Every structure is written in structure tokens, then in C-alpha cells.
**Q** 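A single structure is presented below for examination.
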There are 2 protein chains.
Amino acid sequence: MNALNSLTQEDLGSAAQRERRRRILDATISLASHGGFDAVQMRAVAEQADVALGTLYRYFPSKIHLLVSALGREFEEAQARRAGKPIPGDTPAERVGLILGRTTKALQKDPNLTEALTRAFMFADASVSAEIHHVGLILTSMLTEAMSGRQDEGEPTEEEIAVARVIGDVWLSSLVGWVTGRSSAEDVEKSMTVAIRLLLR
Amino acid sequence: MNALNSLTQEDLGSAAQRERRRRILDATISLASHGGFDAVQMRAVAEQADVALGTLYRYFPSKIHLLVSALGREFEEAQARRAGKPIPGDTPAERVGLILGRTTKALQKDPNLTEALTRAFMFADASVSAEIHHVGLILTSMLTEAMSGRQDEGEPTEEEIAVARVIGDVWLSSLVGWVTGRSSAEDVEKSMTVAIRLLLR
DNA sequence: CGTCAAAGTGGAACATGTTCCTATTATTGC
DNA sequence: GCAATAATAGGAACATGTTCCACTTTGACG
């Protein structure tokens, strides 16, 4: 286990530690939701989570690890909420459009949180690759499931994965544009519609 | 003129000021090239450019402005070097693949510089939108020119622009993956090949 | 030339991410 | 239960982006 990685669930034997980790991530989400990336200050997170600054750094070796881990937890929860519910729509384009639109709208309801998590994701370097990869997998599987219309049963094809990656990239780029105030919510929707039309026809 | 924006050429009447601006950007590129994003420290830039720290902030209101402006200058120079030279290749896919491959290879020759500029680009917020937009335009026009095979004469179609944007997004996302050490140079090439195949067929 | 405003200098001061150290508390192996 | 080990608390210290200020230089104008 690399010391640069943040502690994952498996490493945390004791309930008290899982509890601390939860409190830290809760504080992170709460602060991010109020004031975005800049409001997630390590001292503030530590205080709100009721742990010492050193402990915070023991659990998450940097602010970026912390935020990307929080993003990972959010994605997991969203994935769990989707589980078992088939995505409506008759064509891959419809289903992907629908789920992306739904997710985008959910993100846009909490702009500060989205800004904090998105920027951390884009700024993360190699030391965060495990957490990043985790998030990437959930995103890709969300898209391939929407494309194929099936859930879990049956692996996606290479082609489906390739298309999902491209769509995911476009989605991320346009989210970045939105969270940084360079483009509007409608612009994001429009980009996604165009990308889906070009890729899923 | 918004005080938050960096001084552009037009604002700089005196030759001494243009000269200072050039020295600052030169120092930025030089430091970035040596040690990447982290090595571009404002005090170091000021010292190497032989200006006071306050003056540096007068010209560029933040490190991100500074780096994105440097990226803008590099893009302009690259665009000027391309001017007039037709892109070889018989199909849009070939031409786009060629020019993207060429550009990617050039960037990969100076990983530190690329890392610094790319991260600044992705981290930039709304106060940098002018500079970001400038870079975005050059990138899009590079791609539409490659697609159509013509230079300047004749505006690109809506469809060409839409495809160029998607390809640009994928390219940026995969560059981010590369500069942050999460994917290899070959991965970038592969992503681009796949995106081009999916979009330009 | 003398004057005045703008620009530049040098450097202190501040904010926040990160590191480090010591004392205290919890956990674990015997 | 006790000794050893690990984890946490509390907080100082450091690094770097950013702001601010007092002073000097430059350049434009009458």
C-alpha cells in the first residue's frame, strides 16, 4: 500500500476509524456545498469533522485526495440508487441522453459542490490515480449500461466502452466549462446532445 | 476593461511595457519547462523576468492568468507556423489524425511545460474566460481547417464546428490524463484515433 | 524645466495547504 | 492487567499565492 494513497475502507479496521472517515467526508461535502472548492479548507474540515489536522492528513494526504474521495463516495451512492432500476428510453441515444441529462441536472442543483468536486477531479495528479480510476469506472459503466439498456448482465462491447469514454470526456470538459463559469447550463445540455447525436446514430 | 483581466497587447502602449510583458512570459515558459506547474512560482517568475512582484501581478492578476496567457502565446505562434502550409492527407480523418498526432508529439517533447499549461487551462475560472476563449478558438479552427482541408477561405459548417469541439474535448481530457501521469503517451494517441474513427467516418 | 499622475521597486504581511513535533489516548499482544 | 505500539490531539512552523504599502522612477504636459 502506497503511503501516498488515502486510506480506503478496507484499511480501516475499527468502527471508530470508519466513523472518523465518514465524518471527514461529510464535513468535506458540507463545506464544498456551501462555498465550493475554496471553502474546503483543511483546517475547517478538520474542525467540523472534529479531528486534528494531522489526523485529517493521515486519512487523506492532500486536499485533492480528500475531494476526489468525496466524489467517489457520491458516485457510489448514486450508482447504488440507480441499481436495479432500468433506464427508460427506446434507443441508446435516448437512454444516454436521459441519464446524462438527469445527472447533469442533479449536479447543477448544487453548483458549489459540483465545482469543488469537478475541479479536484481535473487537478488530480498521479498520486490520486486509484481514486480517479474508481470514479472513471463508475462513470463509464453508467454510460455503457445506458447504451445497452441492460444492467450488469453481460459485459459491454469494446465499441460501447470506446463510445462511453468519448461521451464521458465531452461531458467532463463541458462540466468544467460550466463550473468555471465559462458556459451556461444550457450549453452543457447542448454539448451533450450534439455529442450523443454524433456518436450514437 | 475589467481589472481582473490581464493586460493584453493593445493596452500596452510603451515599448518598455511590451518588453516587460515578453520577459515575464519568457520566464514563465522557461520555469514551466524546467519544473512544470509547481516550478512556476510567482517570486521566481518576477525575479527571472527582472520585475517586482507587484509589477508581475499588475500584468497578470494570478498565476493561472499568467500560465493561460503563456499558453495563448504558444498557440498563436504554432498557428503562425502552420499558416499557409496545407495539411497533407486525403480524408478529414487522415488530416485531423495527422495534425493532432503532430501536435501531441510536440507537446510530449516538453512534458513539464505541457503539464503546467494544461493544468492552468483546466483550472482557470471565469475571470480568465477571455484568455481561455482565445485558446479555444485557435484550437477549434486548427481542427476545422484540418477537417475541411482548406485554410481560412470559407467558414466551417456548423457540423464541422460541432465535431471539432467534441474532438477537442476528448483531446483535452486525454491530455489531462497524460500530464497528470494517469495515462501514457500511447493512450493519448489511441483515444484520439478512436474518437476520430467514431466521429469522422 | 517643474509638476503631477501613473508605473515600478522592494519587501512586509497575510491566507491556506502541508509538514512536523510532543504529549496524550486507544489498541494490541502477552 | 501491563507493556509496547499505534493513532490522535493540539498546534507551531514552513511554503507559496496574493495583497498592500511607502518610496522611487518614468513619462506626459504645461
Side-chain angles (χ1 to χ4, degrees), chain A residues 1 3-8 11-24 27-28 31-32 34-70 116 119-120 123-125 127-128, chain B residues 1 3-8 11-24 27-28 31-32 34-70 116 119-120 123-125 127-128:
Chain A
M1 177 79 195
L4 284 177
N5 280 128
S6 47
L7 274 53
T8 55
D11 304 318
L12 297 170
S14 102
Q17 285 175 319
R18 270 194 303 280
E19 179 61 17
R20 265 195 201 90
R21 187 177 201 274
R22 191 191 56 68
R23 284 206 313 273
I24 292 173
T28 302
L31 287 164
H34 272 300
F37 188 87
D38 289 342
V40 181
Q41 301 187 356
M42 300 306 268
R43 290 171 180 83
V45 172
E47 187 178 1
Q48 185 162 330
D50 205 30
V51 299
L53 191 54
T55 305
L56 172 54
Y57 273 94
R58 197 165 200 312
Y59 280 68
F60 301 95
S62 78
K63 174 169 172 171
I64 299 293
H65 278 84
L66 174 59
L67 281 165
V68 175
S69 300
R119 297 185 96 175
F123 205 66
D125 69 4
S127 73
V128 204
Chain B
M1 175 81 197
L4 285 177
N5 280 129
S6 47
L7 274 52
T8 54
D11 304 317
L12 298 169
S14 102
Q17 286 176 319
R18 271 194 303 280
E19 179 63 16
R20 266 196 200 88
R21 187 174 200 275
R22 191 191 55 69
R23 284 206 312 274
I24 292 172
T28 302
L31 286 165
H34 272 300
F37 187 87
D38 289 341
V40 181
Q41 301 188 356
M42 300 306 268
R43 291 170 180 83
V45 172
E47 186 177 1
Q48 184 162 330
D50 204 32
V51 298
L53 190 55
T55 305
L56 172 54
Y57 272 94
R58 202 166 197 309
Y59 280 68
F60 301 94
S62 78
K63 174 170 172 170
I64 299 293
H65 278 84
L66 175 60
L67 281 165
V68 175
S69 300
R119 297 184 96 175
F123 206 66
D125 69 5
S127 74
V128 204

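Below, read A as the first sequence line, B as the second, and so on, with proteins coming before strands; counting in each chain starts at 1. No experiment lies behind these values; they were computed from the predicted model shown.
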**Q** Considering only side-chain heavy atoms of A/Y57, which listed nucleotide, C/dT19, C/dT16, D/dA9, is closest?
**A**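 Looking only at side-chain atoms, A/Y57 lies closest to C/dT19.
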**Q** OP1 or OP2 of D/dT16 sitting under 4.0 Å from any side-chain N/O of B/R43?
**A**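 Result: no.
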**Q** Rounded to whole angstroms, how far apart are CZ on B/R58 and C1' on C/dA5?
**A**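 These atoms are roughly 12 Å apart.
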**Q** Write down the distance between CZ (B/F37) and C1' (C/dG17), rounded to a whole number of angstrom.
**A**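 Taking CZ of B/F37 and C1' of C/dG17, I get 13 Å after rounding.
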**Q** How close or far is atom C1' of D/dA9 from atom CZ of A/R23, stated in whole angstroms?
**A**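 So the two atoms are 13 Å apart, to the nearest Å.
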**Q** Taking for each residue the nucleotide of DNA chain D with the nearest heavy atom, is it B/A16 or B/K63 whose nucleotide lies nearer the 5' end?
**A**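 Going by which nucleotide is closer to the 5' end, it is B/K63.
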**Q** Map A/G54 and B/Q41 onto DNA chain D by nearest heavy atom, then report which one ends up closer to the 5' terminus.
**A**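 Result: A/G54.
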**Q** Is A/Y59 near enough to D/dT8 that one of its side-chain N or O atoms lies under 4.0 angstrom from OP1 or OP2?
**A**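 For D/dT8, OP1/OP2 do have a side-chain N/O of A/Y59 under 4.0 Å.
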**Q** Which heavy-atom pair separates A/V45 from A/A27 by the least distance, and what is that distance?
**A**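 Nearest pair, atom of A/V45 first, then A/A27: O-CB, 3.9 Å.
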**Q** Hey, is the side chain of A/Q17 poking within less than 4.0 Å of OP1 or OP2 on D/dT8, counting only N and O atoms?
**A**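 Yes, A/Q17 has a side-chain N/O under 4.0 Å of OP1/OP2 on D/dT8.
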**Q** Side chain of B/S62 only, please: which of C/dG10, C/dT18, D/dT18 is the nearest?
**A**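 The nucleotide sitting nearest to the side chain is D/dT18.
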**Q** Once you apply a heavy-atom cut-off of 4.0 Å, does B/V40 come out as touching a base, just sugar-phosphate, or nothing?
**A**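 Since only primed, P, OP1 and OP2 atoms lie under 4.0 Å of B/V40, the category is sugar-phosphate.
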**Q** Can you tell which of C/dT9, C/dA12, D/dA7 lies closest to the side chain of B/L53?
**A**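 Closest nucleotide among those given: C/dA12.
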**Q** Hey, is the side chain of A/R20 poking within less than 4.0 Å of OP1 or OP2 on D/dT8, counting only N and O atoms?
**A**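 Looking at the OP1 and OP2 atoms of D/dT8, one of them is under 4.0 Å from a side-chain N or O of A/R20.
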**Q** Under 6.0 Å from the ring centre and within 45 degrees of the ring axis: does the NZ or CZ of A/K63 meet both conditions for the six-membered ring of A/F37?
**A**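 Yes, A/K63 sits over the ring of A/F37.
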**Q** If you count the non-hydrogen atoms of other residues, nucleotides and ligands that lie under 6.0 Å from CD in A/E19, is the total more than 12?
**A**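 Atom CD in A/E19 is crowded, with more than 12 foreign heavy atoms closer than 6.0 Å.
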